[in-house]
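When a ligand or atom number is given, it counts from 1 through the structure's own listing order. All values reported here derive from a predicted model rather than from experimental measurement.
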Amino acid sequence: MERFSISYDDWVPEEQKLREALCTLGNGYFATRGAAEENSNNEFNYSGTYLAGGYNRVETEISGRTIENEDFVNFPNWLCLSFRPEGDEWLNLALYKVLDYRQTLYMKIGIFERDFRVEDSLGRRTHIQSRRIVSMRDRHMAGLQWHLTPENWSGPIEIRTALDGTVINDNVERYSELESHHLDPLLTEQLTDNSIMLVVETKQSKIKMAQAARTNLYHQQQPLEPATETNQREGYIGQILRFEVAEGESYVVEKIVAFYTSNDRAISEPALEARKDIARAGRFEVLQVRHEHAYERLWHRADIGIIDGDKTQQLLRLHIFHILQTVSLNTIGMDVGVPSRGLHGEAYRGHIFWDELFIFPFLNLRFPEITRSLLMYRYYRLDEARYAAQQEGFRGAMFPWQSGSNGREESQVLHLNPKSGNWLPDNTHLQRHINAAIPYNIWNYFLATDDQPFLSFFGAEMFLSIASYWASKASYNKERQRYEILHVVGPDEYHTSYPDSEGQGLRNNAYTNVMVAWVLQKAIEILDLIEKSRKRELLKELCIDKEEFDLWREISQKMYVPFINEAVLNQFEGYEQLEEFPWEEYREKYEDIARLDRVLESEGDSPNRYKASKQADALMLFYLFSKDELHDIFGRLGYDFNEEKIRRNIEYYRSRTSHGSTLSRFVFSWIMSKYDRKESWENFEALLISDFKDIQGGTTPEGIHLGAMAGSLDLVQRSYAGLEVGDDALWINPNLPERIKEITMRIKYRRHWISLSINHERLQISFEEGWGNEVNIGVINKIHEFKKGEVRTFSLSGKTS
Ligand code: BGC
């Protein structure tokens with residue numbers, strides 16, 4: 001179980017907020033942080049509950065301007081559960097003496113447990129064993145169970161249970177000057193002697209959430225009938241249950257909660273449904289058994305086994321676990337995307353960026369139904385993207401860098417530098433490369449699943465609309481006789497404009513330009529893959545004629561790509577003229593320079609002046625495409641490409657990157673795995689602990705970094721196991737680092753479940769179950785045809801044994 005759980009054996013208040021984020025329980029529909037149920041929010045406790053797609057817009061006056069942000073709403077706290085010996089203080093680990101404390105996240109079964117013994121001011125000792133679930137099987141249900149044992153006292157006791165809708169958004173200190181009230185209280189009601197109801201509504205988006213809670217007491221399996229007092233005030237309803245306890249006896253407290261919102265499918269009205277579910281719900285154990293079965297099924301598909309003799313296995317499972325708390329089978333059919341910080345905190349306001357680029361490779365080969373649903377989130381916002389393109393004078397569709405409820409651009413207009421206290425204009429929304437990530441994701445989903453209906457209908461429409469946007473955005477430079485993309489920001493957010501220039505955006509970001517060439521070329525290819533009638537329909541509907549088509553072809557062959565010298569890509573035009581950054585001087589001057597942008601701004605300077613990047617930018621190309629694909633892409637553009645150039649690019653950018661984004665390390669680790677295995681492994685190790693140890697110093701308590709978590713899995717999958725979903729086959733070319741002895745995983749590829757076992761000597765491929773179709777698997781340069789039921793072993797020199 002050890003490699004399937006995370007434990008903390010002591011009570012360290014300062015670490016609580018980090019542990020809360022890491023012990024968040026969710027089911028893809030909603031999630032709640034692993035906060036202490038007995039506490040209200042304070043310096044060491046923050047009990048956020050977040051709903052997938054639960055946004056609300058508010059305005060704030062700041063620096064003389066009114067700005068509007070769309071926030072990820074902290075919904076009512078359903079955890080509230082406490083006790084006190086009658087007349088004493090309510091349980092609070094800051095006031096009681098903590099005799100021992102242990103908290104454990106059981107990832108295999110989705111249970112969060114707290115086990116502690118406390119002593120009050122009169123020396124009365126009480127042992128609490130608390131278990132919590134957010135049901136993976138019954139998405140609207142959650143539960144808390146206590147075993148409470150008075151160790152050395154008998155007498156009257158009070159239990160307090162509540163639903164608290166007076167919470168605000170208060171998880172991110174940087175946002176504290178911004179409006180944080182998102183909920184209007186609508187109703188509190190006592191339903192029965194032991195059940196209560198709270199209904200709130202978000203102020204602007206009018207999402208109604210109903211929570212109904214039932215609290216029961218048991219002693220020796222018999223229900224107790226305590227005296228109950230109900231307290232209500234605006235936005236809050238609680239009950240106090242009074243009864244007698246005897247020394248050494250164990251009492252069970254169970255709180256079962258039902259959640260419904262006005263966004264739900266198959267409902268009449270949220271309060272009605274919550275009331276119904278709470279009346280029907282069985283005991284905690286009944287919920288728990290169903291929940292554990294759901295986890296068994298999930299892990300059967302999702303687990304990646306690693307034998308390496310250290311913590312790698314446990315941390316990889318933590319990463320898988322948190323992907324599944326954020327998006328799961330419950331997400332399918334919901335109108336939601338995948339927020340970069342999970343459903344785990346309020347940083348980046350639950351917004352959806354390009355991070356799905358790193359998350360989908362894991363989902364595609366295990367839960368393609370989830371990827372499809374998340375791609376549909378984009379499809380439903382296609383009209384908004386069309387409007388955005390039109391507003392800027394372009395054709396087609398331009399998706400926003402940050403997306404929330406309706407697909408409008410949600411990037412902040414101003415952001416706070418906590419280091420200097422200054423509010424600054426935010427130009428990161430110029431990251432138009434999100435419009436390369438979406439097509440890339442559609443294409444890779446298609447390759448993994450062969451989902452023709454999706455591609456023909458939804459995928460192609462998005463793809464072609466985006467291609468039209470790029471074709472109208474590209475401008476022809478007569479002197480160069482090439483097309484250019486101007487006024488953009490690349491993945492490296494440190495560079496948003498030229499030094500001393502008033503204008504925003506940069507010319508010819510190499511990554512963006514190459515991706516655009518790829519999108520246009522693939523768009524042409526896709527039209528030949530879909531049904532003929534759909535092709536006709538789409539061309540007509542999207543007004544794509546032969547001329548437009550010719551333009552796509554031409555741009556895909558004549559896009560300009562800037563180089564510093566023959567081998568090294570220029571991050572953007574003009575980058576080569578920036579000053580070298582004095583890295584050593586700054587490393588001596590500051591403890592941490594990962595967020596160089598904040599450091600420099602606080603000194604009145606700007607990273608725009610230096611050759612210093614936040615994260616992998618041009619190098620992203622080597623992460624996304626295989627050698628052969630790069631050969632093709634650059635070849636078509638008339639630029640020379642060979643493997644040696646990858647090495648030269650790594651050499652150039654590795655010393656000029658601060659890794660200010662957690663997305664950076666795994667990209668470096670990935671591309672370095674062939675050139676510098678030692679440094680690659682070091683980056684992998686740093687990546688594994690980046691959330692677990694909060695290596696950015698304070699960002700994980702505000703939400704996990706889902707892209708980086710998924711990136712670690714992608715590294716194992718694509719780099720170490722060597723899986724590449726190609727046009728003609730699924731390629732498997734293992735490249736195990738010395739430290740890893742064996743990798744096992746189960747993947748779904750084109751309607752087949754395939755189990756893989758890889759060590760340094762051999763690769764075993766078993767076609768466990770699937771359909772009649774035959775599938776091509778390429779092992780070390782040779783394609784083999786597989787059918788359902790086949791098991792084959794390859795020695796890693798490529799021979800079948
Ligand atoms: C990174 C982006 C990323 C975003 C959300 C930023 O710090 O620079 O690339 O999409 O975080 O994870």
Q | Residue pair His705, Leu687: steps toward the side-chain contact (heavy atoms from CB on, under 4.5 Å) verdict | A | CA-CA 10 Å; His705 299 81; Leu687 175 67; over 6 Å; no
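- Of all protein heavy atoms, the one closest to atom 6 (C) of ligand 1 is Tyr348 OH, 3.3 Å.
- For Lys614, a nitrogen or oxygen atom sits less than 3.5 Å from a nitrogen or oxygen atom of ligand 1, counting backbone and side chain alike.
- Distance check: Gln204 CD to Glu68 CD gives 6.5 Å after rounding to the nearest 0.5 Å.
- By heavy-atom distance, the residue among Phe358, Trp354, Phe353 lying nearest atom 9 (O) of ligand 1 is Trp354.
- Comparing Gln696, Gln402, Gln615 against atom 8 (O) of ligand 1, the shortest heavy-atom distance belongs to Gln615.
- The pair Arg609-Asp500 fails the salt-bridge criterion, with no side-chain N (NZ, NE, NH1 or NH2) lying under 4.0 Å from an Asp/Glu carboxylate O.
- In terms of protein heavy-atom proximity, atom 12 (O) of ligand 1 is closest to Asp355 OD2, 2.6 Å.
- Residue contact check: Glu493 has heavy atoms under 4.0 Å from atoms 2 (C), 6 (C), 8 (O) of ligand 1.
- We find that Arg432 and Glu392 are joined by a salt bridge, their nearest charged nitrogen and carboxylate oxygen being less than 4.0 Å apart.
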Q. Which is it for Arg341 and Thr699 under the side-chain contact (heavy atoms from CB on, under 4.5 Å) test, yes or no, and what are the steps along the way?
A. CA-CA 10 Å; Arg341 306 298 286 271; Thr699 63; 3.7 Å; yes
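- Considering Tyr720, Trp670, Phe668 as possible partners of Phe684, the one that fulfils the ring pair (Phe, Tyr, Trp, His ring centres under 6.0 Å) test is Tyr720.
- At a threshold of 4.0 Å, the pair Glu685-Arg665 does not count as salt-bridged, since none of the basic side-chain nitrogens sits closer than that to a carboxylate oxygen.
- By the criterion of a heavy-atom distance under 4.0 Å, neither the backbone nor the side chain of Arg341 is placed next to ligand 1.
- Only side-chain heavy atoms of Leu663 come within less than 4.0 Å of ligand 1; its backbone N, CA, C and O stay farther off.
- The atoms of ligand 1 that sit less than 4.0 Å from any heavy atom of Ser340 are 5 (C), 12 (O).
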